[in-house]
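Take a look at the structure below.
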Amino acid sequence: LRHGSRRPLRAGLASRGLAPGGKGALLLLGIDIGGTKTVLALGDATGQVRARLRRSTEPSGDAGRDLARLAEDARRLVVEAGVALSGVAAVGVSLPGPLDLDAGLVLNPPNLPGWHRAPVRDALGAALGRPVHLENDANAAALAEWRWGAGRGTQHLVYLSMSTGVGGGLVLGGRLHRGVASSAGEVGHMPLVWDGEPCACGLRGCLEAYVGGAAWTRRLARVTPEASRVAVLAGGASNARPEHVVEAAREGDAFAVAELARYNDHLSRALVQLTFVLAPEIFVLGTIPSAAGEALCLGPVRERVRAHTWGFLGEGLRIEPSALGARLPECAGLVVAAEALGAVSG
Ligand SMILES: [Zn+2]
């Protein structure tokens, strides 16, 4: 502010991304660091993207080197979009948790070797000269679906990523609920079965051990009959994946239909428990349910959940696919920046 106060007002506002045009014109940079892909997006507080950059995450084993490369990408994106870095009001980073938000650290992300206690906020802040805000990826996705996706206009939303793993985020009373280490909403590790299937987290019987894409893929390699349509589509039972089950179930293959029923059953049980604890207005379900669609997943799950909750909790309860789909990584980083500025608009 000391520097800004010496400049003309208009330039000072522009350098904070605040002029002209109000909130919609706020220029924000979003970064989503995924297990396989990293996405950078230059956009605004309505979720509109002006420029984007996608690449493989490829962690080098050295967080300092990875963060320097990320800052370099950010600079390149901004330059190619024809704007100055000083015009970016804030940078939002969506990344795997757990996080220490006060210290701006990621603690021990399993898919980012060498990132143990990496000072993501301060390293990127120093390299870019802009304020940087972090959020765990599932929380960022919940915020993005709430602000710009399937949950627009609601106050109580539960998001489940339903991808390789099962991440979750909670918006309660119109605010992201973070909990300890920003880890609230880790619903993928609620036990469905004591001493059940082993989970990647080290526990047993977790929801993710039944409906996570990676766990389901491991199971399919074990149980897929060679004569099933799933095996034919996959080019062999040992290559069977959830997408082959969805495709085969659409064609009426009995094994695939039974596998999806099992999936829906476990998912429904978790949603019923969450409904009694949180009484949400909407569950937003990510990758696998979105791909399977109404007839194979969302419809049966909705019916199951309503049958096992009290009428007033289940009747108005929405169970919807992600509305952002492939745009989610871009929106996740942007919404973190926008929320930090209190600037989100639909
Ligand atoms: Zn687990």
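Order of appearance sets the numbers: ligands from 1, and atoms from 1 within every ligand.
Closer than 2.8 Å to the Zn ion (ligand 1) sit the protein N, O or S atoms His189 ND1, Cys199 SG, Cys201 SG, Cys206 SG.
Residues in residues 310-337 take part in these side chain to side chain donor-acceptor pair (under 3.5 Å) pairs, two or more places apart or across chains: Arg52-Glu330, Arg54-Glu330, Glu145-Ser322.
In this structure Asp265 satisfies the salt bridge (Lys or Arg N to Asp or Glu O under 4.0 Å) test together with Arg269, Arg304, sequence neighbours excluded. Partners of Glu72 by side chain to side chain donor-acceptor pair (under 3.5 Å), not counting sequence neighbours, listed by chain and number: Arg75.
If you run side-chain contact (heavy atoms from CB on, under 4.5 Å) between Pro289 and each of Val246, Asn264, Val211, Leu267, only Leu267 comes through.
Contact annotation: the side chain of Leu317 never approaches that of Thr309 to less than 4.5 Å [non-hydrogen atoms, C-beta and beyond].
A side-chain donor-acceptor contact under 3.5 Å links Asp32 and Ser94.
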